[in-house]
A.B. asks: 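This structure is in structure tokens; I'll ask about it shortly.
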Protein chains: 2
Amino acid sequence: MARSSTRPTSRDVAQAAGVSQAAVSLVLGDKWRGRVSETTAERVREAARELGYRPNLAARNLRLGRTRTVLLVVPALTTEFFAGVYTGAARVAARHGFGVVLYPSPEGIGPARDPFASAQAALDGVIASSMAADALTAIRGDQLPLVMLDSDPEGSLGAATVNLDIADGVRQVTEHLLGLGHRHILHLAADVPSWTFEMRARELAARLAAVPGTQIRTAPAPISIEGALAATEAALTATGPRPTAIVCDDDKLAAGAYKALRRLGLRVPDDVSVTGLDDLALATALDPELTTVRLDAELFGERGMEALLAVLEGREPEAGDIPVELVVRGSTAPPRTP
Amino acid sequence: MARSSTRPTSRDVAQAAGVSQAAVSLVLGDKWRGRVSETTAERVREAARELGYRPNLAARNLRLGRTRTVLLVVPALTTEFFAGVYTGAARVAARHGFGVVLYPSPEGIGPARDPFASAQAALDGVIASSMAADALTAIRGDQLPLVMLDSDPEGSLGAATVNLDIADGVRQVTEHLLGLGHRHILHLAADVPSWTFEMRARELAARLAAVPGTQIRTAPAPISIEGALAATEAALTATGPRPTAIVCDDDKLAAGAYKALRRLGLRVPDDVSVTGLDDLALATALDPELTTVRLDAELFGERGMEALLAVLEGREPEAGDIPVELVVRGSTAPPRTP
DNA sequence: CGGGGGACGTTATACGTAACACTTGGAGGC
DNA sequence: GCCTCCAAGTGTTACGTATAACGTCCCCCG
């Protein structure tokens with residue numbers, strides 16, 4: 001029996017099986033075909049089982065110079081959306097023998113300057129959702145292979161990007177509302193400095209500008225129910241004609257809009273139509289159920305991981321945005337004719 | 001200039017600064033007081049900065065025999081609740097120079113037998129939320145220091161435990177409803193084999209049994225809005241007197257109950273009162289806002305991490321459950337007198 | 001009967017870091 | 001003048017693994 005206080009090593013297994021450490025490595029690494037006899041291999045496996053042997057990952061990582069671990073940087077964990085992204089990424093990763101480590105962006109967790117101070121794990125690459133440019137350059141400084149999710153393809157410092165076709169989602173929402181007859185729209189905009197939100201505002205404005213007689217107003221709000229409530233209430237009690245529809249950057253914002261409308265005595269969709277974006281569980285918990293743009297978070301995660309694997313293997317990542325789909329529910333209707 | 005293709009090592013830094021590798025290690029490890037002169041130390045730091053040196057974590061982990069990385073096993077990432085637990089754990093961890101890696105339980109991600117197959121990172125310890133017993137024994141088999149969240153203190157194989165005082169939450173809910181005059185209660189129970197849910201059912205039954213004239217019925221449902229909707233609808237259309245209050249194991253279940261009641265033409269709280277448990281953002285998105293038990297997820301995570309640090313340092317973890325608090329909102333009212 | 005080549009291993013080495021044990025050149029004490 | 005001591009480092013080793021390179025046997029073929 002070896003030292004019982006410490007974890008058994010491959011050398012301990014070797015001694016127990018009466019072979020060399022190299023043989024243990026070969027057998028357990030599944031590289032023994034034609035190099036070790038079946039009986040010896042079985043003896044090694046038996047010894048490993050007996051001792052409860054687990055390879056030391058730090059040693060393996062050092063030896064191989066790679067870790068088969070990847071970091072997923074997300075802006076926060078507070079929505080199901082990034083849970084879905086993680087699930088998809090982890091599924092693809094597992095198929096390729098990779099693990100995924102999460103790093104929620106440094107809001108209240110240590111210094112923002114160094115995204116890796118808190119993620120001690122040694123890494124092969126990084127998948128990062130839209131984040132501020134300075135954090136991005138910090139990551140690039142680490143020379144790690146990088147895939148950006150939902151980021152400006154032009155300005156991402158040459159990193160590979162995987163994007164949802166949110167511009168198309170905005171198009172679908174706009175056409176849906178215009179088709180119903182809406183002409184006066186309030187954009188409840190996420191007050192977060194990020195390419196994706198700026199792009200949504202631009203796209204929405206451009207779509208509406210193409211139709212004469214339309215008006216748009218923008219109300220920025222932090223992404224929380226309370227924040228959206230306040231912003232919506234302020235925007236609707238302001239002077240001028242009342243919007244007949246509210247386009248929200250996010251389902252959570254839509255939930256806040258619902259509350260504001262209720263507080264003002266307005267009904268959805270009779271007085272005001274509301275649309276969201278994400279299609280979280282929240283969307284169907286609301287009454288009436290929310291018309292929103294469904295984003296396939298898991299597919300997003302899968303495509304992100306596949307892109308990173310491609311970069312790691314020196315291949316070209318698959319191009320093309322991920323399609324999104326408008327889900328029409330009960331929160332949109334034609335505007336009441338005045 | 002060293003080999004530019006590969007990452008610089010401490011030896012490269014040493015060469016650039018004209019010192020030995022050992023000196024670099026001392027300076028960068030902040031152990032140089034009285035061993036290296038201030039001028040040399042500065043020269044080393046300068047060289048490290050120049051080359052963009054980052055220590056190889058795999059090598060450090062191997063050398064030190066520890067990783068300062070901890071695994072947090074959560075049942076799923078689909079709720080804000082575990083996002084909060086993570087945030088709290090990561091905050092405490094960062095204060096002690098630790099990192100936290102997340103491992104969502106193996107639902108659709110690789111083989112359930114080996115929770116670590118997907119988490120390649122080398123680990124110092126594990127924090128695990130309530131999970132099936134076989135997964136637990138698998139973890140124990142790895143000999144890693146373990147803290148269990150919200151698990152049976154008796155049956156957790158000697159691991160340290162940190163618990164929310166959910167029994168007290170159930171007490172508060174029960175007393176609130178009994179005080180309002182409710183006597184016939186439906187328990188919308190999470191259909192998940194877990195100590196914490198079994199405990200809630202037991203506690204609820206015991207509390208009600210102490211009051212003569214009360215009735216309780218149980219409807220098990222998967223933790224999803226759709227599942228809760230179906231279960232509630234089935235339970236309410238069954239024969240017998242209709243419950244006047246629904247106690248849900250979870251806010252998400254409550255959202256499903258709301259939908260079922262709406263579909264049946266019943267109003268909250270006039271016809272039926274509803275309570276939840278968690279106090280997610282969802283609770284205030286509902287109309288009327290949900291009376292629920294607030295769990296302090298971040299504090300839960302902090303206490304979990306502190307307990308693990310205590311175990312790692314050979315100390316005794318702090319004892320005592322984390323208090324929870326009933327938040328009364330608009331979803332509970334006295335039953336209508338028939 | 002010589003030797004070519006499988007089958008079955010072993011020996012040796014490197015990955016990058018941290019820490020222990022050791023050296024060197026003076027300064028100071030008596 | 002010799003011993004001691006300290007500052008300021010250096011040389012060396014070990015952590016546990018994976019793999020390239022190197023031995024043996026022994027069988028079989030020409």
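Proteins get letters first, then strands, A, B, ... in listed order; numbering begins at 1 in each.
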A.B. asks: Side chain of A:Asn56, heavy atoms from C-beta onward: which of C:dT17, D:dT17, D:dT10 has the nearest atom to it?
C.D. replies: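 It is D:dT17.
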A.B. asks: Are OP1 or OP2 of D:dG16 and a side-chain N or O of A:Thr9 less than 4.0 angstrom apart?
C.D. replies: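 Checking A:Thr9 against D:dG16: no side-chain N or O falls below 4.0 Å of OP1 or OP2.
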A.B. asks: Quick one: do A:Glu42 and A:Arg49 make a salt bridge, cutoff under 4.0 Å?
C.D. replies: yes
A.B. asks: Mind checking the CG-OG1 spacing from B:Leu164 to B:Thr196? Nearest 0.5 Å is all I need.
C.D. replies: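 So the gap between those two atoms works out to 8.0 Å.
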A.B. asks: Check every strand shown and say whether A:Leu64 touches a base, only sugar-phosphate, or nothing at a heavy-atom separation below 4.0 Å.
C.D. replies: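 Touches sugar-phosphate only.
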A.B. asks: So if I take residues 41-49 of chain B and measure heavy-atom distances to DNA chain D, which residues fall below 4.0 Å?
C.D. replies: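 Nucleic-acid contacts, sorted: none.
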A.B. asks: Does D:dG16 have its OP1 or OP2 closer than 4.0 Å to a side-chain nitrogen or oxygen of A:Arg60?
C.D. replies: no
A.B. asks: Both B:Val36 and B:Ala59 contact DNA chain D. Taking the nearest nucleotide for each, which residue is further toward the 5' end?
C.D. replies: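 Whichever sits nearer the 5' end wins; that is B:Val36.
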A.B. asks: Would you kindly give the CG-to-P distance between B:Leu62 and D:dT13, to the nearest whole Å?
C.D. replies: 17 Å
A.B. asks: Counting any heavy atom closer than 4.0 Å, what does B:Val24 reach on the DNA or RNA strands: base, sugar-phosphate only, or nothing?
C.D. replies: nothing
A.B. asks: Find the distance A:Arg33:CZ to C:dC8:P and express it as a whole number of Å.
C.D. replies: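 It works out to 14 Å between those atoms.
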A.B. asks: Mind calculating the distance between CG (B:Leu57) and P (C:dT17) to the nearest angstrom?
C.D. replies: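 Distance check: B:Leu57 CG to C:dT17 P gives 9 Å.
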A.B. asks: Taking atom CH2 of B:Trp195 and atom CG of B:Asn163, what is their separation to the nearest 0.5 Å?
C.D. replies: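 Interatomic distance, B:Trp195 CH2 to B:Asn163 CG, rounded to 0.5 Å: 4.5 Å.
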A.B. asks: If the sugar-phosphate is the primed atoms plus P, OP1 and OP2 and the base is the rest, what is the B/S/- string for nucleotides 20-26 of chain C, using protein heavy atoms under 4.0 Å?
C.D. replies: -B-----
A.B. asks: Quick check: closest heavy atoms across A:Met305 and A:Ala89, and the distance to 0.1 Å?
C.D. replies: CG-O, 3.5 Å
A.B. asks: Under 4.0 Å: is that the gap between some side-chain N or O of B:Thr40 and OP1 or OP2 of D:dG9?
C.D. replies: yes
A.B. asks: Less than 4.0 angstrom between a side-chain N/O of A:Ser10 and OP1 or OP2 of D:dG16, yes or no?
C.D. replies: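 No, A:Ser10 has no side-chain N/O under 4.0 Å of OP1/OP2 on D:dG16.
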A.B. asks: Looking at C:dG9, I'd like to know if its phosphate oxygens (OP1 or OP2) sit under 4.0 Å from a side-chain N or O belonging to A:Ser37.
C.D. replies: yes
A.B. asks: Taking five pairs at each end of the helix from C:dC1-D:dG30 to C:dC30-D:dG1, what angle separates the two helix axes (nearest 10°)?
C.D. replies: 60°
